[in-house]
2 protein chains.
Amino acid sequence: MRLTAKSEYGVLAAIDLAVSFGGGPVSAREIAERRRIPPRFLEQVFVSLRRAGIVSAQRGARGGFSLNRDPDDITVLDIVEALEGPLSASVCDSERGEVCGQAGACAAAPVWSKATQALRDVFASTTIGELAGAQVVLDGSPADRA
Amino acid sequence: MRLTAKSEYGVLAAIDLAVSFGGGPVSAREIAERRRIPPRFLEQVFVSLRRAGIVSAQRGARGGFSLNRDPDDITVLDIVEALEGPLSASVCDSERGEVCGQAGACAAAPVWSKATQALRDVFASTTIGELAGAQVVLDGSPADRA
DNA sequence: CTAATTCCTACTTGATCAGTAGTGTTTGCA
DNA sequence: TGCAAACACTACTGATCAAGTAGGAATTAG
């Protein structure tokens, strides 16, 4: 019952991009080093984020990635769903109702739906912008990063 | 990001036991047939529930399982944690703080904690007794099951 | 032209899930 | 007393997925 490493790395990377939002693109390798993420793995994460329309890629020398939207308009849910697919707490959940063998007579289904919804609420109510603010504080003076 | 089938089966089985709470033990095979769960797999689920102190087992002919406590005193969280271990939404979560490589400077950690907490809240606030009530309604007259 | 960078596909290794299987142990009942 | 029904334990298997690695192609700044 846990998210995969992709979400974790994706959120960290998005925070990193948010911190330098407005500047030029940041390379995956740079972020990987700074956040201790396997570089080639992070590359793949970024490809997913690009395909989801969250970041843009600039290829070639001095290229890298940058956020497509204001960090305050990107939620953790955006990142997580881009990397994990739609959130669902149990097999017997999902929009298609009766996925478990209980054929519509499953009294447990509402619990799984509520669980999924609770997760969505948490993730949807936290923006990358907020987290970036916290990150700057944790890292010390933002000037260190400029 | 989903629970395993064990939780799903475990909750269904607990509901089933709750519906006939007060009567004698119910065999795993009977529940397996009624809820369309692989019988030998359900057996294992029950062993875990017994070890967690949620059900008691009565061995031998006419044996089976019964709930140890009143269904209203058993939450979905009890079942889920008995079967999946402690809930945690991400690697970088857990009581031990800094499991991710960010060494205490991880701005994302609070989100994962909040997510875990939200899940716990949902599961802890739903009792097997409630679900059993819903199940009886779904199945039709409770007399059908006596 | 070259070095840096993203992009795409495939592969590998290990873990985990879902279920099956065999065998042992306990117990109600005829 | 014996048998059948039930739980108990351990081990195994096939499939899937997670996490990361690898190789090379395309793009671009300088």
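The chains referred to below are lettered A, B, ... by the order of the sequence lines, with proteins before strands, and numbering in each begins at 1. Just the heavy atoms: all of them, side chains too, but no hydrogens, waters or symmetry mates, feed the values below.
Sorted by first then second residue, the ring-ring contact (aromatic ring centres under 6.0 Å, His included) pairs that include residues 1-39 of chain A, not counting sequence neighbours, are A:Y9-A:F41.
Counting non-hydrogen atoms under 4.0 angstrom, A:F46 reaches nothing in the nucleic acid. Residue-level contact check: A:Q58 touches the backbone only, with heavy atoms under 4.0 Å from sugar-phosphate atoms and none from bases.
Distance check, rounded to the nearest 0.5 Å: CZ of B:F65 to CD of B:E43 gives 7.0 Å. The CG atom of A:L42 lies 8.5 Å from the CG atom of A:L49; values are rounded to the nearest 0.5 Å. Here the CG-OG1 distance, from A:L77 to A:T126, works out to 10.0 Å after rounding to the nearest 0.5 Å.
Taken over five-pair windows at either terminus, the axes of the helix from C:dC1-D:dG30 to C:dA30-D:dT1 are inclined to one another by 10° (rounded to 10 degrees).
Looking only at distances, no side-chain donor or acceptor of A:S7 sits under 3.5 Å from a matching main-chain atom of A:L3. The backbone N or O of B:T4 lies less than 3.5 Å from a partner atom in the side chain of B:E84, making a donor-acceptor pair. Side-chain atoms of B:T75 never come within 3.5 Å of backbone atoms of B:S125 as a donor-acceptor pair (strictly under, hydrogens ignored).
Distance A:L42 CG to C:dC8 P: 16 Å, rounded to the nearest Å. When rounded to the nearest whole Å, the span between CD of B:E43 and P of C:dA21 equals 13 Å. At whole-Å resolution of the value, CD in A:E8 and P in D:dA18 are 14 Å apart. Straight-line distance from the CZ atom of A:R2 to the C1' atom of D:dC17: 15 Å, rounded to whole Å. When rounded to the nearest whole Å, the span between CZ of B:F65 and P of D:dA5 equals 17 Å. Per the geometry, CD belonging to B:Q44 stands 9 Å off C1' belonging to C:dT20, to the nearest Å. Here C:dC17 presents its C1' atom at 16 Å from CD1 of B:I37, a figure rounded to the nearest Å.
We find that A:E81 and A:R120 are joined by a salt bridge, their nearest charged nitrogen and carboxylate oxygen being less than 4.0 Å apart.
Position along DNA chain D of the nearest nucleotide to B:V26 versus A:F41 favours B:V26 as the more 5'-ward residue. Projected onto DNA chain D by closest heavy-atom contact, A:R40 and A:L3 fall at different nucleotides, the more 5' of which corresponds to A:L3.
Close to C:dA18, at under 4.0 Å from its OP1 or OP2, lies no side-chain N or O of B:Y9. Proximity of B:T4 to the phosphate of C:dA18: a side-chain N or O atom is located under 4.0 Å from OP1 or OP2. One finds a side-chain N or O of B:R51 lying less than 4.0 angstrom from the OP1 or OP2 phosphate oxygen of D:dC9.
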Between the protein and nucleotides 2-4 of chain C, list every N/O to N/O distance that falls short of 3.5 Å.
| residue | atom | partner | partner atom | Å |
| --- | --- | --- | --- | --- |
| C:dA4 | N3 | A:A61 | N | 3.3 |

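Using modelled atom types, one finds no donor on one side chain facing an acceptor on the other under 3.5 Å when comparing B:S66 with B:Q58.
In this structure, the nucleotide among D:dA8, D:dG20, C:dC7 sitting nearest to the side chain of B:V47 is D:dA8.
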